[in-house]
Amino acid sequence: MTALLADIPLEPAGVPRGRAMVERAEWAARSFATYDIDTVRRIAKAAAEAGEKHASEFAEAAVAETGFGVAEHKVLKNVACSIGIWNTYGSHDYVSPVVHADRRIVEIPRPAGVVLALTPSTNPVATTYFKIMLALLSRNAIIISPHPYARKVGVQAAHVMRDAAIAAGAPDGCIQVAEEPSIPVINALMTDERVDVIVATGGTPMVRAAYRSGNPAIGVGPGNVPVLVDGTADLTLAARRLVASKSFDNSILCTNESVVIVEERIEAPFTAAMKREGAYVLEGDEIDSVRGVIFEGDHFNTAWVGKSAVQIADAAGVKVPKATKVLVAPFSIVVPEEMLAHEKLCPVLGMVTVPSAARGIDAARAVLRITGSGHSAAIHSEDADTIMAFAAAVRVLRVSVNVGNSLGSAGIETNLAPSMTIGTGFFGRSSVGENLEPKHLVNHTRIAYSSDERIPMADFAGLSPWQAPHGPVPSYPIASNMDDAPQLVRANGPASESTDELRDEIRKLVIEELRQIIKG
Amino acid sequence: MSGQTNLESAGSAGYDYGLFSFASKAEVLDKAKEYWNPGKTQFWIDAGVPLVIDRREEYYIWDMSGKRLIDLHLNGGTYNIGHRNPEVVQALTVAMQHFDVGNHHFPALARTALAEALIASAPEGLSKVIYGSGGGEAIDIALKTARHTTQKRKIVSIIKAYHGHTGLAVGTGDDRFSKLFLADQPEEFPHVPFNDLDAMEDALRGRDVAAVIMETIPATYGFPLPDPGYLRAVKALCEEYDALYIADEVQTGLMRTGELWGITKEGIAPDILVTGKGISGGMYPIACVLVNEKSAGWLTEDGFGHISTFGGAELGCIAAIKALEICSRDETRSMVHYIADLVGTGLRAIQAEYPEWFVGIRQNGVILGLEFNDPQGAKYVMRHLYENGVWAIFSTLDSRVLQFKPGILLKPEVVEEVLDRTEVAIGRAYREVMGLRKAGR
């Protein structure tokens, strides 16, 4: 069709719609911020369970839509980011006031308000789940802007959690998703002054744009994970963990290992152990071929994100066994012009050998000078001195020890906060240096008494300013001289939200349930 | 934009608007009396609301003096989506590079597109759209359509109804406006009391009525709410006595009740639905009549039956396509529910402070009538609200009731501000009236 008015710029339809979403979110956030802990828990649990129920379905849909990753690994992440987050934080309370009688201070949690979440194509469902769960636990309204490459599944994932949350009593509009994300829409959302915080997970340009927006932002930079294997390590276990981690979801997590640094004296047994675990160690021209495939000039070719080791080997003309999980690419020195020392979101692992652990620490610092500052590193070692020296030298904020970094630094196989958003802190030009968790979306109003104990302090024990809602939020606008919601006449056209009817049904059931609770 | 510059320069150079200029607000008021409408101009001066609207933006209007007011009058819902809504302005600006009002004789691009969008949004059964240039003309079209369809002349409306001041519409309303111009026609336009089904049945029983026309909530009468089931029963009576049901949705449509068309909340699929005012965002006049197949006969029989050069002006259609889209959004519907909830809760809290003075809240969505315990009560409250930076108007046909009409895209903080200002104004009006009563007025 010819656009007859094409010479005049008209704002893309998604932009005003995006602004409308922010306004709706403001209303939702205003209500949500007064909810009590019991209701918040009920909502978060319902969303988590709904997310878990669809974990496999969406894992497959994500692989189908984006063409990368491993469905069975995505299931694990989807479960971890739905019910897993509930299991970790469900017993925490980000809602009720806390009285510190000794310090004569009372802390009242105050949610940020409207959270704008940018999600990556690499973990479209897990990150969506994760950020929604954090928002619900902390009583924030959230707008998800899914990555355009994973739009469909991102929207579906958000809708599943939204419907469950609303049915459990969450305020209308507390979970929204931009159904047609585009650069103008994302820009409009990011620069909207009504957005209280942007949580940006994705590429560096997007994260920097979030910081430039003028709105408070929690952005995380890229990783480029060095892993040191020293002479004291259990080589069999180290190789097993490393191959499992590097092949997990075909290296899509930003926590995947990029370069393994091996002490010379154990190089041979370590490489043998790697081969036993399913790694193929490239030699001679093979290294150049693989480098030539996955890098295009000075940058990673995103066509290979999350592709399997066998697919990459095929493209490079390297014959490898069908069961190959990881391609190991040895190179000699960690310098910026060696592309294999850069971040690789695919199961190609760079490898350098060093004469000593001390030189290995230097090499790890060199890897992180290229990219990945503030992110994560790993070490396989039994020597406390080396581990301490390593951790104190590398410019990252988490070091996984004797565990795969993919799930280790993401807090899934360690006791770090389980997270799809790895705060890179000051090293990585971010405002948060921890794995993102609900507490990062909450501030506190502090009631502070004079430190002079002769001035009495009131007793706040058991006091809470928050309440359970009395029904759906907002209430349906029933005419003031009527008792019941009306029976609507149908419109000619199709309903705008396909789930409207179902949701109304669920709402009615929830209202009934709430009535019973209030009566009881 | 120009208003802002003018304010800055008001002190020395007066008010320069390019095509015209004034030295002062007093000059505008004087010339308005001299060249325009002395009665109306003087009325507002006497009422303590000497407003000459200058700048307008979102839900704010600025008097020439620079005084800012939050608009809760919205000119009857014309500014439902705010003043100069940027999306409507943009749509119109772009369209003006290509379109003008069009030629009413021919099928037209924008008219067809708007008609299709309106019908998709409308209560089931409505199938065609006829355009007027304003609400009064649209009502006349609806009444003419009903007369043609039924081949009967009588139109029943309620006492104190208001449907406009054009030739036929004026007959449906209060005598005040028809007698002035010798246009009262009581035989053809019987009026019955609102919420009185027996009276309605009496009026219809003779089977000589073409249509009953009802505002879903009568605005100018102070938004008295139809009793539960009343409108549905009226519709049933219409069916029984072969009269059409015309829903005047000029003030109750466009999401103001929390549904796009207020009549759908009453469980009624009308034969004819009229919309105007807010339909084009206050940027270009247009009004629309939606009819069902049963009433659409004349459009085939003699398509030139109603001619209107500006009816369905294409620029108006474009503004309306945009305004309708904004009103229809899920986000908008959700916001209206939130706004209605907060305004209702806030007003009930204020009412609890002045139970003897602030005696009633009529509410359906963001359509509200606030009742005060004095025959002129709403005029006092209106003036104190004006002094306090809020513009809301008393009901022309019931001065006890203040029309309180928040916009459908209001931000939470503005609603909170409105409630704060309203609380103070209601209190001050109360003290003024009590003082006057003590002084033995």
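Numbers restart at 1 for each chain; the letters A, B, ... are given by sequence-line order, proteins then strands. All heavy atoms count here, side chains included; hydrogens, waters and symmetry mates do not.
Residues satisfying the side-chain hydrogen bond (donor to acceptor under 3.5 Å, both in side chains) criterion with S121(B), sequence neighbours excluded, are W261(B).
Only the side chain of R30(A) has a heavy atom closer than 4.5 Å to any heavy atom of chain B. Neither the backbone nor the side chain of T332(B) comes within less than 4.5 Å of any heavy atom of chain A. Contact annotation for E416(B): only side-chain heavy atoms (C-beta onward) come within less than 4.5 Å of a heavy atom of chain A. With a 4.5 angstrom heavy-atom cutoff, E259(B) touches chain A only via side-chain atoms. For P86(B), no part lies under 4.5 angstrom from a heavy atom of chain A. Proximity to chain B (any heavy atom under 4.5 Å) is shown, for A25(A), by neither the backbone nor the side chain. Contact of V366(B) with chain A is not made at all, since no heavy-atom distance falls under 4.5 Å. For a residue to count as touching a neighbouring chain, one of its non-hydrogen atoms must lie under 4.5 Å from one of that chain's; by this rule E87(B) touches chain A with the side chain only. Interface remark: I268(B) contributes backbone atoms only to the contact with chain A (heavy atom separation under 4.5 Å).
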* To do: May I have the step-by-step check of side chain to side chain contact (heavy atoms under 4.5 Å, CB included) for R17(A) and D330(B), ending in yes or no?
  => CA-CA 10 Å; R17(A) 206 59 201 266; D330(B) 297 328; 4.1 Å; yes
* Where do E331(B) and Q176(A) land on the side chain to side chain contact (heavy atoms under 4.5 Å, CB included) test, with the steps shown first? -> CA-CA 10 Å; E331(B) 291 85 3; Q176(A) 296 180 82; 3.9 Å; yes
* For the pair S31(A) and Y338(B), evaluate side chain to side chain contact (heavy atoms under 4.5 Å, CB included) and give the outcome as yes or no after the intermediate values. => CA-CA 9 Å; S31(A) 291; Y338(B) 274 112; 3.5 Å; yes
* Does the side chain to side chain contact (heavy atoms under 4.5 Å, CB included) test come out yes or no for I361(B) and S480(A), once each step is laid out? -> CA-CA 8 Å; I361(B) 299 171; S480(A) 56; 5.6 Å; no
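Residue N187(A) places its CG atom among more than 12 non-hydrogen atoms of other residues, nucleotides or ligands, all under 6.0 Å distant. Within a 6.0 Å sphere centred on CG of L488(A), heavy atoms belonging to other residues, nucleotides or ligands number more than 12. Atom CD of E124(B) is surrounded by more than 12 heavy atoms from other residues, nucleotides or ligands within 6.0 Å. Within a 6.0 Å radius of CD in E193(A), other residues, nucleotides and ligands contribute 12 heavy atoms or fewer.
The two residues P477(A) and G258(B) come nearest to each other via the heavy atoms CG-CA, 4.0 Å. Looking at every heavy atom in both residues, G267(B) comes nearest to V489(A) through C-CG2, 3.2 Å. Counting all heavy atoms, side chain and backbone alike, D227(B) lies closest to N481(A) at CA-ND2, 3.9 Å.
Checked by atom type and distance alone, the side chain of K265(B) never pairs as donor or acceptor with a backbone atom of A485(A) at under 3.5 Å. Listed for the N492(A) side chain is a donor-acceptor partner under 3.5 Å among the backbone atoms of G125(B).
Atoms CZ and CZ, from R24(A) and R329(B) in turn, are 12.0 Å apart once rounded to the nearest 0.5 Å.
Between Y476(A) and H337(B), the ring planes lie perpendicular to each other; the angle is over 60°, past the 30° to 60° tilted range.
Proximity to chain A at a heavy-atom threshold of 4.5 Å picks out I339(B), A340(B), D341(B), L342(B) from residues 339-347 of chain B, in numerical order.
Ranking R194(A), M482(A), E26(A), E23(A) against chain B, the residue ahead of the rest is E23(A), based on heavy-atom pairs under 4.5 Å.
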